[in-house]
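Below is one structure; the comments refer to it alone.
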Amino acid sequence: MLLAWQFVKKNGFTMGEALKCAWANMKLKADLKVKIVEFYFKKTDGTLRQAFGTLKEGLIGETKGTGRKPNENLQVYWDT
């Protein structure tokens with residue numbers, strides 16, 4: 001529900017649209033943790049980008065923290 005409310009406040013979605021989008025994001029994140037996934041996202045300039053990515057531990061390289069506070073409005077992934 002928190003993610004859906006963010007979509008309503010920041011993107012002007014209706015609650016129905018926001019819930020559908022939040023559910024899709026939750027399923028994508030679960031899939032990213034177990035395999036490489038093909039997905040599309042809208043860039044800030046409005047264009048769609050095709051991406052192949054993962055969050056599976058054995059497939060990503062070593063990462064180092066930047067020391068910055070993480071942004072809860074972003075979903076990070078390892079681009080393959």
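Any value given below was found using the heavy atoms of this structure, including those in side chains, with hydrogens, waters and symmetry copies removed. From a predicted model like this one, the values you see are computed outputs, not experimental measurements.
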Sequence neighbours excluded, every pair satisfying ring pair (Phe, Tyr, Trp, His ring centres under 6.0 Å) that has a member inside residues 55-75: none
Residue pairs fulfilling side-chain hydrogen bond (donor to acceptor under 3.5 Å, both in side chains) with at least one residue in residues 14-35, sequence neighbours excluded: T14-E17
Connected via hydrophobic side-chain network under 4.5 Å: L3 and F13: yes
Verify same cluster id: V37, F41 (apolar side-chain graph, 4.5 Å): yes
Contacts of type side-chain contact (heavy atoms from CB on, under 4.5 Å), residue A4, not counting sequence neighbours: M15, A18, L19, A22
ILVMFWY clustering at 4.5 Å (side-chain atoms), partners of Y40: none
Residues I36, L59; criterion side-chain contact (heavy atoms from CB on, under 4.5 Å); working and verdict: CA-CA 9 Å; I36 296 175; L59 298 177; 3.8 Å; yes
Pairs meeting criterion side-chain hydrogen bond (donor to acceptor under 3.5 Å, both in side chains) with involvement of residues 45-55, two or more places apart: E38-Q50, D45-T47, R49-Y77, R49-D79
Shortest non-hydrogen separation from L55 to Q75 and the atoms involved: CD1-NE2, 3.7 Å
CG (L2) with more than 12 external heavy atoms under 6.0 Å: no
For V76, all residues meeting side-chain contact (heavy atoms from CB on, under 4.5 Å), sequence neighbours excluded: none
Heavy-atom closest pair, residues G53 and F39: N-CE2, 3.9 Å
